[in-house]
Amino acid sequence: MYDPDELIQEFKTYTPLEKAALEYGETDSSLIAEQLGIIDYQLDQSMRKTLSKEYYFPTGNGITYSKHPRFVYCPVHRHDFFELTYVWQGNVRQTVNNSTIDIGEGSLLLLDTNVRHSLERVDENTFAVNIMMTKEYFHETLMKQFSCSNRITEFIFSALYRHSLSGNYLYFPLENDPEVRHCITAVLLELKHGEPGSGEIISSFMTILFSLLAREGNCQDAGPSGSGTAPASVVSILDYINRNYMDLTLEKAAEAFHFSPNYLSRLLKKYTGKTFISIILELKLEHSAMLLKNTSIPITKAAASSGFQNMNYFYKLFKEKYGCTPKQFRINT
């Protein structure tokens, strides 16, 4: 077992950015990052800083963390991955889509992708940590763990499928809930050490964490409403597809929910923007990627085990999704 005091020591230790802030008296974190050669963002057409997952997830892992820098403020930015900010000690003031949120000690804020936000300067005794997750991690690791509709599944659903509604957040003022802190601590220590089996342990604790948050009644949110919100039936359908995709047909899925195939197809298209077939293919590709990453079986067997009999078709779809061939994917991961 790891010692949680390791994290306290890490939080207290000055990072290069914090040292530069103290030495030069500069409080804009982006300017210091540029001076240090830490370029972790791109400017979009509206000149807003967009942090990219390529910088934060260079090894292809879908989850990582970083200590929130002290002594500086973080100007308006957004990113193409999810961010969970947990305040270990002190208080952090964050502005999200023009709403100011004071994140108290032991509380956490979960941000969707492409949310415009900024953070005010924090002092030496304030410790906060950002757990960052890619969309693929959310989809492959978390979405499949929830079979009922609740605040968390609605958030994940909106984030993964309703691209036009990006900009959601959930804020949980928890006042140092011991179970939540235990999960956060375990995840951080496993990420920090990266020992064999850490991926499975991290996934387990993240599932427990989000299950605890799903129960939490004290939550402030900014999320989709009206016709953009997925009904419970759609979340249930997606869960069913996630669990049975390998040999599932539109007709079998429709029969399971007592819908006509045409109605089910229209329902999925309306709320996910995707066809039934595209959802199935995406899940099969993710399964093949998991086999390539975690086993040494031949590529042809990984494809066949994922439901692909035509190798040319498999290679075409795989490269479209991952931007490389299966062989390159295996080497890079």
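Note: hydrogens, waters and symmetry copies are ignored here, and every other heavy atom, side chains too, is used. Quick caveat, the model's predicted, so the values are computed rather than measured. Sequence positions, counted from 1, serve as the residue numbers for this chain.
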Student: Taking C-beta and beyond as the side chain, do L281 and I277 meet within less than 4.5 Å on heavy atoms?
Tutor: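 Yes. Closest side-chain heavy atoms under 4.5 Å.
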Student: One pair to check against side chain to side chain contact (heavy atoms under 4.5 Å, CB included): F314 and T300. What are the steps and the verdict?
Tutor: CA-CA 9 Å; F314 169 68; T300 53; over 6 Å; no
Student: Any donor and acceptor pair, going by atom type alone, linking the side chain of T100 with main-chain N or O of T95 inside 3.5 Å?
Tutor: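 It does not hold such a pair.
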Student: Side chains of T113 and D80: any donor to acceptor distance under 3.5 Å?
Tutor: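 T113 and D80 do not have a side-chain donor-acceptor pair below 3.5 Å.
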Student: Can you see which heavy atom on S288 is nearest to which on A302, and at what distance?
Tutor: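 Residues S288 and A302, closest heavy atoms: CB-O, 4.2 Å.
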Student: Find the distance between CZ (F205) and NE2 (H182) and round it off to the nearest 0.5 Å.
Tutor: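 If I round to the nearest 0.5 Å, the distance is 4.0 Å.
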Student: Anything under 30° is parallel, anything over 60° is perpendicular, the rest tilted; go ahead and classify Y2 against H193.
Tutor: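 Parallel.
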Student: With a 6.0 Å cut-off on the ring centroids, do F257 and Y240 count as close?
Tutor: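 Ring-ring flag for F257/Y240: true, centres closer than 6.0 Å.
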Student: With sequence neighbours excluded, tell me which residues meet side-chain hydrogen bond (donor to acceptor under 3.5 Å, both in side chains) with S118.
Tutor: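 Counting only residues at least two positions away or on another chain, S118 forms no side-chain hydrogen bond (donor to acceptor under 3.5 Å, both in side chains).
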Student: Taking the side chain as everything from C-beta on, heavy atoms only, tell me whether H68 gets closer than 4.5 Å to C74.
Tutor: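 Result yes, sub-4.5 Å side-chain heavy-atom pair found.
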Student: Could you see if I299 belongs to whatever hydrophobic cluster contains L291? Use Ile, Leu, Val, Met, Phe, Trp, Tyr and a side-chain cutoff under 4.5 Å.
Tutor: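 Different clusters: I299 never reaches L291 through Ile, Leu, Val, Met, Phe, Trp or Tyr contacts under 4.5 Å.
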Student: Check R215 with E179, please: is the shortest side-chain N to carboxylate O separation under 4.0 Å?
Tutor: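 Salt bridge between E179 and R215, a charged N being under 4.0 Å from a carboxylate O: no.
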Student: Quick check against the 3.5 Å criterion: does R78 have a side-chain atom that pairs as donor or acceptor with the backbone of V115?
Tutor: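 No.
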Student: Mind listing the closest non-hydrogen atom pair of D247 and K252 along with its distance?
Tutor: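 Taking D247 first and K252 second, the nearest heavy atoms are O-NZ, 3.4 Å.
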Student: Between A21 and V72, what is the shortest heavy-atom contact and its length?
Tutor: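 Of all heavy-atom pairs spanning A21 and V72, the closest is CB-CG1, 3.6 Å.
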Student: Side chain of S198, backbone of E195: donor and acceptor closer than 3.5 Å?
Tutor: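 A pair under 3.5 Å: yes.
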Student: With side chains defined as the heavy atoms from C-beta onward, is the minimum distance between F81 and M133 less than 4.5 Å?
Tutor: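 They are not in side-chain contact.
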Student: Can Y14 and R70 be counted as having a side-chain donor-acceptor contact under 3.5 angstrom?
Tutor: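 Per modelled atom types, Y14 and R70 side chains form no pair under 3.5 Å.
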Student: Between the side chain of R93 and the main-chain N/O of V122, is any donor-acceptor distance below 3.5 Å?
Tutor: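 Checked: no pair found.
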Student: Nearest 0.5 Å, please: how far is CZ in F210 from CD1 in I208?
Tutor: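 That separation rounds to 12.5 Å.
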Student: Mind checking the CZ-CG spacing from F11 to L188? Nearest 0.5 Å is all I need.
Tutor: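 Taking CZ in F11 and CG in L188, the distance rounds to 5.5 Å.
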Student: Could you pull out all residues at least two apart from K321 that satisfy salt bridge (Lys or Arg N to Asp or Glu O under 4.0 Å)?
Tutor: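 In terms of salt bridge (Lys or Arg N to Asp or Glu O under 4.0 Å), with neighbours along the sequence ignored, K321 is linked to E286.
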Student: Around atom NZ of K192, are there more than 12 heavy atoms from other residues, nucleotides or ligands closer than 6.0 Å?
Tutor: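 Counting other residues, nucleotides and ligands, NZ of K192 exceeds 12 neighbours.
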Student: Identify whether L248 and Y263 are in the same connected component of the hydrophobic contact network (ILVMFWY, side-chain heavy atoms under 4.5 Å).
Tutor: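 Yes, same cluster.
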Student: As an exercise, state the distance from OG1 of T64 to CE of M132, rounded to the nearest 0.5 Å.
Tutor: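 The distance works out to 5.0 Å.
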Student: Establish whether Y65 and I63 are linked, either directly or via other cluster members, by ILVMFWY side-chain heavy-atom contacts under 4.5 Å.
Tutor: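 Shared cluster, yes.
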Student: Using every non-hydrogen atom in the two residues, find where F259 and L267 come nearest and quote the distance to one decimal.
Tutor: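 What the structure gives for the nearest pair is CE1-CD2, 4.1 Å.
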Student: Hey, does the side chain of S107 reach the backbone of L174 with a donor-acceptor pair shorter than 3.5 angstrom?
Tutor: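 It does hold such a pair.
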Student: Of all the heavy-atom pairs spanning G307 and M246, show the shortest one and how long it is.
Tutor: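 G307 and M246 have their closest heavy atoms at N-SD, 3.9 Å.
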Student: Should L170 and V180 be regarded as members of a common hydrophobic cluster, given that ILVMFWY residues are connected when their side-chain heavy atoms come within less than 4.5 Å of each other, either directly or indirectly?
Tutor: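 Yes; V180 is reachable from L170 via cluster members.
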Student: On a heavy-atom basis, which atom in L292 and which in P326 lie closest, and how many Å separate them?
Tutor: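 Closest approach of L292 to P326: CD1-CB, 3.8 Å.
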Student: Determine, using the 4.5 Å side-chain heavy-atom cutoff (strictly less than), whether Y313 and I280 are members of one ILVMFWY cluster.
Tutor: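 The answer is yes; both residues are in one hydrophobic cluster.
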Student: Can you find a heavy atom in the side chain of I131 that is under 4.5 Å from one in the side chain of L108?
Tutor: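 I131 vs L108: side chains apart.
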Student: Give a yes or no answer on whether the side chain of Y171 reaches the backbone of D102 with a donor-acceptor pair at less than 3.5 Å.
Tutor: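 Checked: pair present.
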Student: Establish, from distance only, whether the side-chain atoms of D28 and S30 form a donor-acceptor pair under 3.5 Å.
Tutor: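 Yes, because at least one side-chain N or O of D28 sits under 3.5 Å from a partner of the opposite role on S30.
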Student: Taking atom CG of L283 and atom CZ of R243, what is their separation to the nearest 0.5 Å?
Tutor: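 Interatomic distance, L283 CG to R243 CZ, rounded to 0.5 Å: 12.0 Å.
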Student: The test is side chain to side chain contact (heavy atoms under 4.5 Å, CB included); show your working for L84 and L209 and say whether it passes.
Tutor: CA-CA 11 Å; L84 189 156; L209 173 63; 4.1 Å; yes
Student: Do L268 and I241 have side-chain heavy atoms sitting under 4.5 Å apart?
Tutor: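 Contact flag for L268/I241 side chains = yes.
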Student: For the pair H79 and H117, name the ring-plane relationship: parallel under 30°, tilted 30 to 60°, perpendicular over 60°.
Tutor: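 Ring orientation, 0 to 90° scale: perpendicular.
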Student: Would you say the side-chain atoms of N262 and S265 include a donor-acceptor pair closer than 3.5 Å?
Tutor: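 There is no such pair between these side chains.
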Student: Check whether K284 reaches the backbone of S306 with its side chain - one donor and one acceptor, N or O, closer than 3.5 Å.
Tutor: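 No, the answer is negative, given that no donor and acceptor are paired below the 3.5 Å cut-off.
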Student: Take a 6.0 Å sphere around CD of E175 and say whether it holds more than 12 heavy atoms from other residues, nucleotides or ligands.
Tutor: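 No.
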Student: Within a 6.0 Å radius of atom CD on E10, are there more than 12 heavy atoms belonging to other residues, nucleotides or ligands?
Tutor: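 Yes - once you tally the heavy atoms of other residues, nucleotides and ligands closer than 6.0 Å, there are more than 12.
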Student: Report yes if some heavy atom in the side chain of F318 is under 4.5 Å from a heavy atom in the side chain of T325; otherwise report no.
Tutor: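 Answer no - side chains too far apart.
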Student: For residues I101 and Y169, determine if any side-chain heavy atom of one lies less than 4.5 Å from a side-chain heavy atom of the other.
Tutor: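 Yes; the side chains approach each other to less than 4.5 Å.
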Student: Distance from L189 atom CG to E6 atom CD, nearest 0.5 Å?
Tutor: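 Answer for the CG-CD pair, L189 versus E6, is 6.0 Å.
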Student: Give me the ring orientation class for W88 and Y86: parallel if the planes are under 30° apart, tilted from 30 to 60°, perpendicular past 60°.
Tutor: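 Answer is perpendicular, since the angle exceeds 60°.
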Student: For the pair D123 (side chain) and T126 (backbone), establish whether a donor and an acceptor sit closer than 3.5 Å, ignoring hydrogens and angles.
Tutor: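 A pair under 3.5 Å: yes.
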Student: Quick one: are T185 and R181 in side-chain contact, heavy atoms under 4.5 Å?
Tutor: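 In contact.
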Student: Any chance you could lay out the side chain to side chain contact (heavy atoms under 4.5 Å, CB included) test for L110 and L213, step after step, and finish with the verdict?
Tutor: CA-CA 10 Å; L110 177 62; L213 295 178; 5.7 Å; no
